[in-house]
Amino acid sequence: MPELPEVEHAARSLRRWLADGPIVRAWAGPTRLLRGGDHRLFARKLRGRSIVSVERRGKLLLLSFDEDVGLLCHLGMTGKWVRSLDPGPAELPQRPRAKRPKSAPAPAAPPHSHARLELRGGAVLHYCDPRLFGRLEVHPASELLGLSVVSSLGPDPLVDRIVVAALHDKLSRTARPVKVAIMDQTVLAGVGNIYATEALFRAKIHPARPSSSLSKREIGRLGEAIVATIALALKRREEDMTYLSEGAENRFLIYDRAGEACPECRRGTLEKITLGGRTSTYCARCQPAR
DNA sequence: ACGGATGTTCGCGC
DNA sequence: CGCGCGAACATCCG
C-alpha cells in the first residue's frame, strides 16, 4: 500500500495509537521482516516502552521510544499497521485464512500479522504484510537518523519541500528517464510508481525524457505536480480509506488506465511503457516525447 | 490459469 | 562509476 501519502497516513495513525501506550507486550514471529534481527530481541526491547516520537522520512517510519529504543519500519509493497482490540490466541504468524462458514466466529487477529505491539488498555497494533517485502529493525533511537538507509535519502517533498534549483542540478547530471530518476530515493524520498506516473502526467512531461533534457521551468512544473499529487492523495487518505486493493475503484488520473481515453485531452489513448522495470502509463499527446 | 502488482536489492554485463 | 536488465523475495487479485 505504501508510497509517501500512505506512509504519512500510517505515521499519523501510529502517533495517535501509540499515545495510549506504554507497550505492555511486544511480539514478532521469526520473520525475514526483521532482516537477520532476532525476534526475541524485538519483544524484549519493546516491552514496557513508551512512544517519544513517530517520524516519517520518504517511505520510512522512524519510531522512537524511551530508553533510547528505536524501530525502523518500511512497509515494502504490502505492509500496513492495523489496530485491533484483541491479540489473537496463537503465538504464530497468521497465515491466510481458509474460507469459513458465515456462522463461524470472527477471526481474532488480522491476516498476515507478523509483529504486534500490545498497549495498555487492550489495543493491539499489528504489522501485517502478506508479501513480506517490508522491514522492521530495532536500533537505538539515537541512531535512527544516522542509518545509511535514512541518511542517504533525498529531500522529502512534504518535510523538506522541493527546491527546484537543487532538483534541476541533480537531474542535469543523468540521462536516466526522468521517471526512473524521481523514483530514486536518493533524489527524492517517497515517490513511487503511482505518484511518479501521476505527477508526470500533471506536469505534462513524458516519463522517458532523459532527466538532463528537462528545462528548469519543466522541473519547476514537475516539482509542483509532485507536491500537488501527494497532497491530494494524502487528503483523500485522511478523508476516507480509498486505496488500491481495498475494494476501492481506481481514483488515479492515469495510473493503471492504459487503453483508456486520456482524461485531459480526451483524444489520445493512454499508453504503457516499461521504464526501470516498472510499468508507466502516459498520454503521448499531453506528454510529448520531446 | 497466467500475469502483474504500491518496493528494494542483488548480481551480471557493457 | 553509471546504467540497464533480470531475478529474487511471497502472496493476492482479476
Side-chain angles (χ1 to χ4, degrees), chain A residues 1-10 29-36 56-61 72-81 93-99 110-114 127-137 147-150 152-154 170-200 207-213 226 229-230 232-234 236-237 241-260 272-281:
Chain A
M1 77 165 213
E3 285 183 39
L4 192 156
E6 294 74 40
V7 181
E8 175 63 22
H9 184 259
T31 167
R32 58 183 230 97
L33 290 167
L34 304 182
R35 297 295 166 87
R56 181 193 56 75
R57 287 285 190 287
K59 303 173 191 172
L60 283 171
L61 289 166
L72 177 83
C73 174
H74 193 294
L75 302 174
M77 194 89 100
T78 54
K80 59 179 174 182
W81 283 94
Q94 295 294 304
R95 303 305 301 168
R97 198 164 283 104
K99 288 192 171 64
H112 305 290
S113 162
H114 294 281
Y127 178 74
C128 302
D129 192 345
R131 293 177 71 178
L132 300 177
F133 289 178
R135 68 155 98 181
L136 286 173
E137 293 175 15
L147 294 170
S148 63
V149 277
V150 181
S152 65
L153 290 174
K170 211 165 221 173
L171 295 190
S172 69
R173 300 162 195 267
T174 176
R176 284 187 296 174
V178 60
K179 172 157 175 289
V180 175
I182 61 175
M183 288 174 62
D184 180 339
Q185 301 299 295
T186 70
V187 172
L188 285 178
V191 178
N193 200 31
I194 293 180
Y195 299 114
T197 296
E198 297 286 284
L200 286 162
R209 288 269 305 278
S211 299
S212 50
S213 77
I226 289 170
T229 299
I230 285 171
L232 174 63
L234 183 56
R236 288 182 172 176
R237 255 278 144 159
M241 295 298 284
T242 312
Y243 197 66
L244 289 181
S245 81
E246 287 174 13
E249 88 272 38
N250 179 354
R251 297 237 259 150
F252 302 117
L253 293 171
I254 64 165
Y255 174 78
D256 200 27
R257 292 193 187 280
E260 295 183 28
K272 186 167 73 169
I273 49 170
T274 298
L275 296 169
R278 315 296 297 279
T279 294
S280 297
T281 307

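Chain letters run A, B, ... following the sequence lines, proteins first, then strands; residues in each count from 1. No hydrogens, no waters, no symmetry mates; every other heavy atom, side chains included, goes into these values.
Summarising the geometry, the separation between CG on A:L61 and P on B:dT6 is reported as 20 Å, rounded to the nearest angstrom. Taking atom CG of residue A:L275 and atom C1' of nucleotide C:dC5, one finds them 13 Å apart after rounding to whole Å. As rounded to whole Å, 19 Å separates atom P of B:dT6 from atom CZ of A:R251. Across the protein-nucleic acid pair, A:R32 atom CZ and C:dA10 atom C1' stand 8 Å apart, rounded to whole Å. Across the protein-nucleic acid pair, A:H114 atom NE2 and C:dT11 atom P stand 7 Å apart, rounded to whole Å. Distance, A:E137 CD to B:dT8 P: 14 Å, rounded to whole Å. The distance between atom CG of A:L60 and atom C1' of B:dT6, rounded to the nearest whole Å, is 15 Å. Nucleotide B:dA5 holds its C1' atom 12 Å from the CZ atom of A:F252, rounded to whole Å.
Of all heavy-atom pairs between A:A10 and A:L61, the closest is CB-CD1, 4.3 Å. Pairing each heavy atom of A:A196 with each of A:I182, the nearest pair is CB-CD1, 3.8 Å. For the residue pair A:V191 and A:I226, the shortest heavy atom distance occurs at CG2-CG2, 4.1 Å. Counting all heavy atoms, side chain and backbone alike, A:T281 lies closest to A:A258 at CG2-N, 3.9 Å. Residues A:L72 and A:V150 share a closest heavy-atom pair of CD1-CG2, 4.0 Å. When all heavy atoms of A:N193 and A:E3 are compared, the pair lying nearest together is N-OE2, 3.3 Å.
Dashed line: the shortest gap from a side-chain N or O of A:K59 to OP1 or OP2 of B:dG7 is under 4.0 Å. Using a 4.0 Å cut-off, some side-chain N or O of A:Y255 falls inside it from OP1 or OP2 of B:dT6. Listed pair A:T279 / B:dA5 meets the phosphate criterion, a side-chain N or O lying under 4.0 Å from OP1 or OP2. In this structure, A:R35 does not reach the B:dT8 phosphate: none of its side-chain N or O atoms is under 4.0 Å from OP1 or OP2. For B:dG7, the OP1/OP2 oxygens have no side-chain nitrogen or oxygen of A:H74 closer than 4.0 Å. Side-chain nitrogen and oxygen atoms of A:R135 include at least one within less than 4.0 Å of the OP1 or OP2 phosphate oxygen of B:dT9. In terms of phosphate contacts, A:R278 brings a side-chain nitrogen or oxygen within less than 4.0 Å of OP1 or OP2 of B:dG7.
In this structure, the nucleotide among B:dT8, B:dG7, C:dT11 sitting nearest to the side chain of A:H112 is C:dT11. For A:P177, counting side-chain heavy atoms from C-beta on, the closest listed nucleotide (B:dT6, C:dG4, C:dT11) is C:dG4. Nearest to the side chain of A:R131, among B:dA5, B:dG7, C:dC9, sits B:dA5. Across B:dG7, B:dT9, B:dT8, the shortest atom-to-atom separation from the side chain of A:V149 is found for B:dT9.
Contact annotation: the side chain of A:R176 approaches that of A:D184 to within less than 4.5 Å [non-hydrogen atoms, C-beta and beyond]. The side-chain heavy atoms of A:Y195 and A:M183, taken from C-beta on, include no pair separated by under 4.5 Å.
In this structure, A:P5 reaches neither bases nor backbone, as no heavy-atom distance under 4.0 Å exists between it and the strands shown. Residue contacts shown for A:T174 are limited to sugar-phosphate atoms, with no base heavy atom under 4.0 Å away.
Rounded to whole Å, the separation between the P atoms of B:dA5 and C:dC5 comes to 16 Å. Comparing the P positions of B:dG3 and C:dG6 gives an interatomic distance of 15 Å, to the nearest angstrom. Distance noted for atom P between C:dC1 and B:dT8: 22 Å (whole Å).
Ion pair A:R35/A:E137 not flagged as a salt bridge, since none of the NZ, NE, NH1 or NH2 atoms sits closer than 4.0 Å to an Asp/Glu carboxylate oxygen.
B:dG7 has its base stacked against the ring of A:F133, the centroids being under 5.5 angstrom apart at an interplanar angle below 30°.
Secondary-structure annotation of DNA chain C gives the stems B:2-5 with C:11-14, B:7-14 with C:2-9, with a stem taken as at least 3 successive Watson-Crick or G-U pairs whose two distances both fall under 3.5 Å.
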